[in-house]
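Every chain is numbered from 1, with letters handed out A, B, ... down the list of sequences.
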2 protein chains.
Amino acid sequence: MKYTLAEEDYLKAIYKIAERQGVPVSTSAIADLMQTRPASVTDMLKKLAEKELIDYKRYHGVSLTKTGARWATQLIRKHRLWECFLVDKLGFNWDEVHEIAEQLEHIQSETLIDRLDDYLENPKFDPHGDPIPDASGAYRMRYQILLSDLGIGQRAILVGVREHGSTFLQYLDQNGLALGVDLEILEILPYDGSLRLRLAANDPILISGQVARQLYVRQIPTTG
Amino acid sequence: MKYTLAEEDYLKAIYKIAERQGVPVSTSAIADLMQTRPASVTDMLKKLAEKELIDYKRYHGVSLTKTGARWATQLIRKHRLWECFLVDKLGFNWDEVHEIAEQLEHIQSETLIDRLDDYLENPKFDPHGDPIPDASGAYRMRYQILLSDLGIGQRAILVGVREHGSTFLQYLDQNGLALGVDLEILEILPYDGSLRLRLAANDPILISGQVARQLYVRQIPTTG
DNA sequence: GTCGTACTTTAGCCCTGTCTAAAATTGTCC
DNA sequence: GGACAATTTTAGACAGGGCTAAAGTACGAC
Ligand SMILES: [Mn+2]
Ligand SMILES: [Mn+2]
Ligand SMILES: [Mn+2]
Ligand SMILES: [Mn+2]
């Protein structure tokens, strides 16, 4: 089976919204994410339902069928593997790859993506810390703990980002907040919830609660 | 400027026909190469002329403008670099890459292709021996001598193929006719123009005149 | 239970790219 | 120069994907 670029982008959008907000997924949530109009979404939903990629009941939102979810997962696999390629092989920064991967994910080839996977040595996470589904669609859920969930004195490793905008990612770069860094919460300011962090051996930095809510971490048991 | 996938494929088709048959390029030649209808071609020609990518006079064929030729060359550059990537890095055979490159050539990114070029160490020829334009669009013309142009006793190196179909390429593989092989014409059969060739140190092979007309060679001066 | 607002769908339109069938043009052969 | 065959263009239609404006539905507040 083959689907159009537009159909594929809708499937991916529905998958991502369902992953965060659960089902059913509303027309306006899709329109919002895809920067399009609700009326256009309704039109496409009818087509996707016709092809049995989604379950759709007028006025009550949609959910992906098994087939639809499978296809969405493959798209995410392709997107994330291409991002790995761009960063690991071509030397792009993690804030530059999303747009390009958004195009590359639609390349149709049975074998291309599996060979790319092997060439990259089967990475399990993309440059943003997002898990990469294997050829069967299975993937390990990433730790869902946000930095904002932790308390003073707790230590953690940065393992992912919720927000993918390049402005945000560049901000992280400039503050030494790369994936894998070891950090400790020194202080949480009572006025606005800003956090003071110690990163490795460097001077402490201050980040807003807004930023802390975009950072996924793996907690390190405090051995003291 | 950005163009659609269809527009890009038309530009490439016009470029390729002009390269072989010269200008002006006829509507039916384009329809033929693109597996579409002359009426559809006429529609598109009007749009391309409107955008000043081609010079078009009703009933008299088309030629590319400077802008159109430049864009076509960039597409060919992208197509051929991606083919190199697929063969050199991902291990595809030269008969498997055309379809995939046909899609990859449309990926839009200022920097992607230049980084890919560097990653591949700036190859000058693609897996089929076709020259790869540099970032400015310049490329060295490949030797245009066909194996069928040579006579008995002459030696040559196989440097390219005119036909790109996978059936043909697989036939070449099975007969040891890879790019770079050294060959000598032992005999040209008078009845049908078939050629008997010596390849390196192997047993001689027989190929048809039809095949010989698809093979580009660089002649080796016979030092005897 | 009715009302009002927010959300969703429908109706009608546009643009791209394709097609078939019919009309127009070219250019050759006499 | 005229007739004709091949080529090309136009006319009209359709499918995919999108938009605006108008109409329909759901559901919380009363
Ligand atoms: Mn996409
Ligand atoms: Mn990513
Ligand atoms: Mn193409
Ligand atoms: Mn090639």
Side-chain angles (χ1 to χ4, degrees), chain A residues 1-14 17-18 20-64 68 71-72 75 102-103 105-106 108, chain B residues 1-14 17-18 20-64 68 71-72 75 102-103 105-106 108:
Chain A
M1 199 44 36
K2 285 183 48 173
Y3 303 105
T4 68
L5 191 148
E7 287 169 340
E8 291 192 334
D9 279 340
Y10 272 97
L11 287 177
K12 218 167 45 115
I14 295 166
I17 297 166
R20 277 168 189 65
Q21 270 98 54
V23 288
V25 171
S26 75
T27 299
S28 54
I30 298 168
D32 210 52
L33 182 61
M34 297 194 63
Q35 314 248 68
T36 185
R37 298 289 161 179
S40 309
V41 174
T42 300
D43 288 342
M44 180 58 85
L45 293 183
K46 284 189 272 191
K47 292 168 195 163
L48 294 176
E50 186 62 35
K51 298 187 181 187
E52 299 189 47
L53 293 166
I54 60 173
D55 289 317
Y56 172 51
K57 208 130 227 176
R58 256 161 58 265
Y59 291 102
H60 295 279
V62 298
S63 59
L64 293 170
W71 200 266
L75 287 167
E102 200 60 42
Q103 300 175 61
E105 72 193 358
H106 303 287
Q108 313 232 346
Chain B
M1 197 45 35
K2 285 184 49 173
Y3 303 105
T4 67
L5 191 148
E7 288 169 339
E8 291 192 333
D9 279 341
Y10 273 96
L11 287 178
K12 216 167 44 115
I14 295 167
I17 296 165
R20 276 168 191 64
Q21 270 97 54
V23 287
V25 171
S26 74
T27 299
S28 54
I30 299 168
D32 209 52
L33 182 60
M34 297 195 62
Q35 314 246 67
T36 184
R37 297 290 161 179
S40 310
V41 174
T42 299
D43 288 342
M44 179 59 84
L45 294 183
K46 284 188 270 190
K47 292 168 197 164
L48 294 177
E50 184 63 32
K51 299 187 181 187
E52 300 188 46
L53 293 166
I54 61 173
D55 289 316
Y56 172 51
K57 206 132 228 174
R58 257 158 62 262
Y59 291 103
H60 292 88
V62 297
S63 59
L64 293 172
W71 199 266
L75 286 167
E102 200 59 43
Q103 300 175 59
E105 71 193 359
H106 303 289
Q108 315 234 345

_Closest non-hydrogen atom pair, E105(B) against L75(B)_ = O-CD2, 3.7 Å
*For the pair made of OH in Y3(A) and P in dG16(D), what is the distance, rounded to whole Å?*
14 Å
*asked:* So, OP1 or OP2 of dT9(C): does either fall under 4.0 Å of a side-chain N or O from Y56(A)?
replied: yes
*Nearest nucleotide by nearest heavy atom, which residue falls closer to the 5' end of DNA chain D, P38(A) or R58(A)?*
P38(A)
*Atom-pair distance (CG on L48(A); P on dG16(D)), nearest Å*: 12 Å
*May I ask you to say what S40(B) touches in the nucleic acid, namely base, sugar-phosphate or nothing, with a heavy-atom cut-off under 4.0 Å?*
base
*Would you kindly give the CG-to-C1' distance between D43(B) and dT16(C), to the nearest whole Å?*
10 Å
*Atom-to-atom span, NZ of K2(B) to P of dT16(C) - whole angstrom*: 14 Å
*Contact check, side chains of L53(B) and I14(B), non-hydrogen atoms, under 4.5 Å*: no
*Options dG18(D), dT10(C), dT8(C), nucleotide nearest the side-chain atoms of K46(A)*: dT10(C)
*Base, sugar-phosphate, or nothing: which does S28(B) touch, judged by heavy atoms less than 4.0 Å apart?*
sugar-phosphate
*Counting any heavy atom closer than 4.0 Å, what does T27(A) reach on the DNA or RNA strands: base, sugar-phosphate only, or nothing?*
sugar-phosphate
_N or O in side chain of T4(A) less than 4.0 angstrom from dG17(D) OP1/OP2_ = yes
*Candidate nucleotides dC19(C), dG17(C), dT8(C), ranked by approach to the side chain of E7(B) - the nearest*: dG17(C)
*Want to settle it: does Y59(A) or A39(A) sit nearer the 5' end of DNA chain D, counting the closest nucleotide to each?*
A39(A)
_Integer-rounded Å distance: dG16(D) P and E8(A) CD_ = 16 Å
*State which of dT10(C), dG17(D), dT20(D) makes the closest approach to the side chain of R37(A).*
dT20(D)
*Between dT8(C) (C1') and H60(A) (NE2): distance, integer Å*: 10 Å
*asked:* Rounded to whole Å, please give me the gap between CG in D32(B) and C1' in dA6(D).
replied: 14 Å
_Does dC19(C) have its OP1 or OP2 closer than 4.0 Å to a side-chain nitrogen or oxygen of T36(B)?_
yes
*Among T4(A), T36(A), I54(A), L33(A), side chain to side chain contact (heavy atoms under 4.5 Å, CB included) partner for Y10(A)*: T36(A)
*Nearest-Å distance for atom pair CG/P, residues D9(A) and dG16(D)*: 17 Å
*Considering only heavy atoms from C-beta outward, does the side chain of L5(B) approach that of Q103(B) to under 4.5 Å?*
no
*For the atom pair CG (D32(B)) and CZ (R37(B)), what is the distance rounded to the nearest 0.5 Å?*
10.5 Å
